[in-house]
Amino acid sequence: MARIAPGTVLDLYTEDCFAGRVRSEKDLVSQVCEFPYLNPQTGPFHIEGAEPGDTVAVHFVSIEPARDWAASTTVPLFGALTSTHTTATLQPPLPETVWIWQLDRARRTALFRAHDSDMEAELPMDPMHGTVGVAPAHLEVRSALVPDAHGGNMDTPEMRAGVTCYLGVNVEGALLSLGDGHARQGEGETCGVAVECAMNTVVIVELLKGVATPWPRIESDTHIISTGSARPLEDAFRISQLDLVQWLVRDYGFSELDAYQFATQAVESPLANVCDTNYTCVAKIRKEWLPACETHRGVHAQLRETAATLS
């Protein structure tokens with residue numbers, strides 16, 4: 001475990017969720033991967049001075065695929081449109097299939113090739129990290145596959161370069177880790193697997209003393225974004241919406257009922273994942289519609305300026 005000071009710039013390599021073992025269409029997850037050792041993380045990083053009640057700010061300077069290919073699969077008893085261990089039915093699992101996506105890093109594209117036809121489609125790359133988190137509270141041990149209030153495997157496409165992620169600290173040092181790079185992912189991650197790839201990622205880690213963040217939040221140049229992770233899906237939705245309302249009250253001068261009304265009419269609510277142990281929903285509002293206020297002590301703008309000096 002590495003110890004870092006607030007303000008540290010980390011230049012990281014993260015392996016894909018298969019630990020680099022799915023490299024061709026013949027490499028079936030059930031055969032080449034060792035359960036439950038999936039979704040490896042880079043970290044944890046002990047952040048000096050971080051204590052419960054503080055917030056860690058992680059600014060993503062860059063997220064770049066480390067290879068010219070990525071893998072996606074179907075996994076038996078996993079995904080939103082198949083039987084699972086908890087949604088048990090008589091139907092057999094879907095066939096286990098691997099798709100290898102070719103990445104053109106210069107042109108910023110990802111090439112899909114169909115298995116059962118000659119169809120090809122080139123989609124824009126939108127690199128992101130599916131898993132970003134700190135240690136959970138109450139001495140809990142959580143798999144890196146589980147999203148919750150500590151962050152974890154939220155699988156939201158909002159976690160891209162240029163954003164700042166805010167995570168509430170639960171233990172001394174916070175114990176930050178990240179991984180699960182995706183070259184791109186649709187909202188909901190329906191089959192349970194994105195375009196999975198190893199990443200070279202640069203982040204700046206800052207510490208906000210005395211600022212509580214009950215659920216992971218993200219700030220971009222254009223939006224403030226709350227997340228909620230739970231099952232059933234309605235509860236994940238409620239958590240993200242409530243956190244956004246409480247964010248508007250704390251930092252933007254709304255009363256609770258005014259925030260409730262305003263968010264109802266202004267919010268965007270994309271799904272992050274509907275396949276993991278907990279589902280994740282997102283609630284986001286455009287900054288241009290909000291009062292000109294400073295949130296999280298203006299750290300996003302400060303880290304954006306620092307990031308500009310690194311390029």
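Using a cut-off of 4.0 Å between Lys/Arg side-chain N and Asp/Glu carboxylate O, R21 and D27 are scored as not salt-bridged. A salt bridge links D54 with K209; the closest basic N to acidic carboxylate O contact falls under 4.0 Å. With respect to the salt-bridge test (charged N to carboxylate O, under 4.0 angstrom), the residues R108 and E64 qualify. In this structure, E158 pairs ionically with K284, as a charged nitrogen and a carboxylate oxygen lie closer than 4.0 Å.
Judged by distance alone, the side chains of N153 and T131 do bring a donor and an acceptor atom under 3.5 Å apart. A donor and an acceptor atom, one from each side chain of S229 and D148, are nowhere located under 3.5 Å apart. Donor-acceptor pairing under 3.5 Å is lacking for the side chains of H296 and D251.
Counting side-chain heavy-atom gaps under 4.5 Å among Ile, Leu, Val, Met, Phe, Trp and Tyr, the cluster of L244 also holds I224, W247, L248, Y252, F254, F262, V267, I285, W289, L290.
Remark: the backbone N or O of V98 is paired with a side-chain donor or acceptor of H115 at under 3.5 angstrom. Here the side chain of S72 pairs a donor or acceptor atom with the backbone of A194 at under 3.5 angstrom. A donor-acceptor distance shorter than 3.5 angstrom exists from the side chain of K287 to the backbone of S220, with no hydrogens or angles considered. Side-chain atoms of H59 come within 3.5 Å of backbone N or O of V163 as a donor-acceptor pair. Of the possible polar contacts, none joining the D16 side chain to the C197 backbone as a donor-acceptor pair under 3.5 Å is found. For the pair T55 (side chain) and V211 (backbone), a donor-acceptor distance under 3.5 Å is present. Side-chain atoms of T87 do not come within 3.5 Å of backbone N or O of S83 as any donor-acceptor pair. Checked by atom type and distance alone, the side chain of R105 pairs as donor or acceptor with a backbone atom of P65 at under 3.5 Å.
Listed by first and then second residue, the side chain to side chain donor-acceptor pair (under 3.5 Å) pairs that reach into residues 189-199 are H182-E196, sequence neighbours excluded. Judged as a ring pair (Phe, Tyr, Trp, His ring centres under 6.0 Å), the pairs with a partner in residues 129-165 (not counting sequence neighbours) are, in order, F60-H129. Within the structure, ring pair (Phe, Tyr, Trp, His ring centres under 6.0 Å) contacts touching residues 188-229 (residues at least two apart or in different chains) do not occur.
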Please lay out, stage by stage, how T222 and R286 fare under the test side chain to side chain contact (heavy atoms under 4.5 Å, CB included). CA-CA 6 Å; T222 58; R286 297 177 183 273; 5.8 Å; no
Could you walk me through whether D126 and M128 pass side chain to side chain contact (heavy atoms under 4.5 Å, CB included), step by step? CA-CA 6 Å; D126 188 7; M128 53 164 281; 5.8 Å; no
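With sequence neighbours excluded, the residues that form a side-chain hydrogen bond (donor to acceptor under 3.5 Å, both in side chains) with R113 are E120. Scored by the side-chain hydrogen bond (donor to acceptor under 3.5 Å, both in side chains) test, T74 finds no partners at all (sequence neighbours excluded). Residues satisfying the side-chain contact (heavy atoms from CB on, under 4.5 Å) criterion with C281, sequence neighbours excluded, are L233, A236, F237, S240, L271. For the side-chain contact (heavy atoms from CB on, under 4.5 Å) test, residues two or more places apart in sequence or in another chain that qualify with S30 are L28, E96. Checked against side-chain contact (heavy atoms from CB on, under 4.5 Å), C191 has the following partners two or more places apart in sequence or in another chain: V193. Scored by the side-chain hydrogen bond (donor to acceptor under 3.5 Å, both in side chains) test, S143 finds no partners at all (sequence neighbours excluded).
Residues V29 and V22 have side chains in contact (heavy-atom distance under 4.5 Å, counting atoms from C-beta outward). No side-chain heavy atom of R160 sits under 4.5 Å from any side-chain heavy atom of P127. Using a 4.5 Å heavy-atom cutoff, the side chains of D276 and F78 are in contact.
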N/O donor-acceptor pairs under 3.5 Å from side chains in residues 1-13, not counting sequence neighbours:
unit_1 : atom_1 : unit_2 : atom_2 : d
T8     : OG1    : A5     : N      : 3.4
T8     : OG1    : A5     : O      : 2.5
Y13    : OH     : E15    : OE2    : 3.0

I'd like a table of donor-acceptor pairs (distance under 3.5 Å, sequence neighbours excluded) in which one partner is a side-chain atom from residues 166-177, with atom names and distances.
unit_1 : atom_1 : unit_2 : atom_2 : d
Y166   : OH     : E219   : OE1    : 2.6
N170   : ND2    : A135   : O      : 2.8

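Shortest non-hydrogen contact noted between H300 and G162 is CE1-O, 3.2 Å.
One finds the CD atom of E122 at 10.5 Å from the CH2 atom of W101 (value rounded to the nearest 0.5 Å). A distance of 7.5 Å separates OG1 of T156 from CD of Q185, quoted to the nearest 0.5 Å.
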